[in-house]
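Numbered from 1 within each chain, the chains take letters A, B, ... in sequence-line order.
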Number of protein chains: 2
Amino acid sequence: MITCANGAMTLRDAPSNTRTQLIESACRLFAAHGYAGASISSIAKELGLSKQALLHHFGSKNALYSLAVEQAAAAVLQLLFDAMEDDHPPEDQLAAFFASYQRLLSVKPAAGQLVLRELLDNALTTQEGGAFATLLESLVATVQATERWQGAGAAGALAVVTQLLGAASLMSSAESSLSAKFGSATVTKAQSHTAEISAELVSGILRG
Amino acid sequence: MITCANGAMTLRDAPSNTRTQLIESACRLFAAHGYAGASISSIAKELGLSKQALLHHFGSKNALYSLAVEQAAAAVLQLLFDAMEDDHPPEDQLAAFFASYQRLLSVKPAAGQLVLRELLDNALTTQEGGAFATLLESLVATVQATERWQGAGAAGALAVVTQLLGAASLMSSAESSLSAKFGSATVTKAQSHTAEISAELVSGILRG
DNA sequence: GCGCATCCCTACCAATCGGTAGGTTGCCGG
DNA sequence: CCGGCAACCTACCGATTGGTAGGGATGCGC
């Protein structure tokens, strides 16, 4: 194993690059194996560091996890905000959001996967104004702003958001499992269909 | 802690009841915390047993996990087979399946949650003819039998199945996380909306 | 040159992980 | 009455978990 020689590595190459890289590794590994399934030493080892270096930067596993989830959620939230800038009707805003969400997933599956994981695991030490919470709330609010769902209350909108998010996220998150059963060629082809099917689901459910 | 007194418990109450109960506990805990997040001792402890009693019955953690997933998948698969008994068009069969799947989730959320988890974790020692694999294959085949998707190939059908499954499963699986952010009252109300929204998604996507 | 903070290391800790070994209890067929 | 078996136990194993303590190298401001 090439662990970058003890003292010789200490000339750091950027203003705290390793921190960023650690969060990125954490994002990927937490997304792939879940909170309990990814150990901090395995995350640190991806960069040739010891787990103590990781703890030095983040203090605890949960703190790192929170950062990773928040960063992933922030990336998704940004897509939503971008889609909401133009003052189109909320139906179009959501359609635009889910379209760019699909684009994000094809480039960086870990983001959506981590959000999905967090919805299942609920391991995040919930921050009131965090990106994850804001993402969910904004989605619900936007659905509630649509003509069809504005009378349905938060619960109805939450149900819509949950189903659309589940539909949009599962394919890229389940890639490894599906590849083992249907072959990676089939799965890759299926992923290319996902965007337009998702678009159809979104517009279908928002307009009735 | 009341661990049922050492020898006095040895009169077992049924032909091998504890085995069944252990699988049930495993199903719940694996569903709630994932494969890595649920330890065999925590599963055994739910029934006041030691982890060695569990290992005595199943041999290894993975064997127990496989049984739990297979049993959950078999329960879902049974719903699909039931829905396919009448020779209605495949669109109606799938609609009936997803309707009863929603009913199952409201009674036993762990079943769907475990299937969803397995799609993410891919921890199952894949059995070729297992219920989990059969479930996915049967769903894909049925979607492929619909008028709209019969020309789209397995990949297109797989994309449809994945999205519908994700939409149908996420709400009940994310209950704890959503309750923490929106309140359990709102989530409970949202769950009651899930069935009809899901039905709309299914018929919408299958018929175009 | 000196103090100090940043970064990363080795060494160590208690707790828990999945799993093995071996013993004890109670039922059941001979 | 007795041997075998299923069920469950305590005790233990090595490995790994998240986390602490403390030290060494580097670079920056003074």
**Student:** Expressed in angstrom and rounded to an integer, what is the separation of B:Ile43 atom CD1 from D:dC8 atom C1'?
**Tutor:**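 Computing the B:Ile43:CD1 to D:dC8:C1' distance gives 17 Å.
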**Student:** I want to verify a distance call: between D:dC9, C:dT10, D:dG18, whose nearest atom is closest to the A:Ser50 side chain?
**Tutor:** C:dT10
**Student:** Any donor-acceptor pair under 3.5 Å linking the side-chain atoms of B:Ser198 with those of B:Tyr101?
**Tutor:** no
**Student:** Applying the ring pair (Phe, Tyr, Trp, His ring centres under 6.0 Å) criterion to B:Tyr65, which one of B:Tyr35, B:Phe132, B:Phe58 satisfies it?
**Tutor:** B:Tyr35
**Student:** Answer yes or no: does a side-chain N or O of A:Ser41 lie under 4.0 Å from OP1 or OP2 of D:dT16?
**Tutor:**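 Answer no for this pair, as no side-chain N or O of A:Ser41 is under 4.0 Å from OP1 or OP2.
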**Student:** When you get a sec, tell me which of C:dG18, D:dG18, D:dC8 is the closest nucleotide to the side chain of B:Thr18?
**Tutor:** D:dC8
**Student:** Mind calculating the distance between OH (B:Tyr65) and C1' (C:dG19) to the nearest angstrom?
**Tutor:** 20 Å
**Student:** I need the CG-P distance between B:Leu64 and C:dG19, as an integer number of Å.
**Tutor:** 10 Å
**Student:** For A:Glu46 and A:Ser25, run side-chain hydrogen bond (donor to acceptor under 3.5 Å, both in side chains): C-alpha distance rounded to whole Å, both residues' side-chain angles, the deciding distance at 0.1 Å, then the answer.
**Tutor:** CA-CA 7 Å; A:Glu46 275 215 338; A:Ser25 288; 3.0 Å; yes
**Student:** In whole Å, I'd like the distance from the CZ atom of A:Phe58 to the C1' atom of D:dG19.
**Tutor:**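 From A:Phe58 CZ to D:dG19 C1': 16 Å.
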**Student:** Let's see if you can work this out: which of D:dG19, C:dG19, C:dC7 has an atom nearest to the side-chain heavy atoms of B:Lys61?
**Tutor:** C:dG19
**Student:** Could you please name the option among D:dA11, D:dG19, D:dC8 that lies closest to any side-chain atom of B:Gln52?
**Tutor:**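 Closest nucleotide among those given: D:dA11.
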**Student:** Where is the tightest heavy-atom contact between A:Ala159 and B:Thr194, given as atom of each residue plus distance?
**Tutor:**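 Closest heavy-atom pair between A:Ala159 and B:Thr194: CB-OG1, 4.3 Å.
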**Student:** Rounded to whole angstroms, how far apart are CG on A:Leu47 and C1' on C:dC9?
**Tutor:** 16 Å
**Student:** Given D:dG18, C:dG18, C:dC8, which nucleotide is nearest the side-chain atoms of A:His56?
**Tutor:**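 For the A:His56 side chain, the nearest candidate turns out to be C:dC8.
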**Student:** When you measure from the side chain of A:Ala53, which nucleotide among D:dC8, C:dA21, C:dC8 comes out closest?
**Tutor:**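 Comparing D:dC8, C:dA21, C:dC8 against the side chain of A:Ala53, the answer is C:dC8.
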**Student:** Kindly point out which of C:dC9, D:dT17, C:dG19 is positioned nearest to the side chain of A:Leu49?
**Tutor:** C:dC9
**Student:** Using OP1 and OP2 only, check whether a side-chain N or O of A:Ser39 sits under 4.0 Å from D:dT17.
**Tutor:**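 Yes, because at least one side-chain N or O of A:Ser39 sits under 4.0 Å from OP1 or OP2 of D:dT17.
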**Student:** Strictly below 4.0 Å: does B:His57 bring a side-chain N or O up to OP1 or OP2 of D:dC8?
**Tutor:**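 B:His57 to D:dC8 OP1/OP2: side-chain N or O found under 4.0 Å.
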**Student:** So does B:Lys51 reach the base of C:dG19 with its side chain, donor to acceptor, closer than 3.5 Å?
**Tutor:** yes
**Student:** Please state how far atom CG in B:Leu54 lies from atom C1' in C:dC17, giving the value in whole angstrom units.
**Tutor:** 14 Å
**Student:** Any base atoms under 4.0 Å from A:Leu55, or only sugar-phosphate, or nothing? Heavy atoms, all strands.
**Tutor:**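 The answer is base, as A:Leu55 lies within the cut-off (heavy atoms under 4.0 Å) of a base atom.
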**Student:** Atom CZ of B:Arg19 to atom P of D:dA6: distance rounded to whole Å?
**Tutor:**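 After rounding, the reported distance stands at 12 Å.
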**Student:** Applying side-chain contact (heavy atoms from CB on, under 4.5 Å) to A:Ile43 and A:Phe30, what does each step give before you reach the verdict?
**Tutor:** CA-CA 9 Å; A:Ile43 294 169; A:Phe30 280 135; 3.8 Å; yes
**Student:** Roughly how many Å is it from NZ in B:Lys45 to P in D:dT10, rounded to a whole number?
**Tutor:** 12 Å
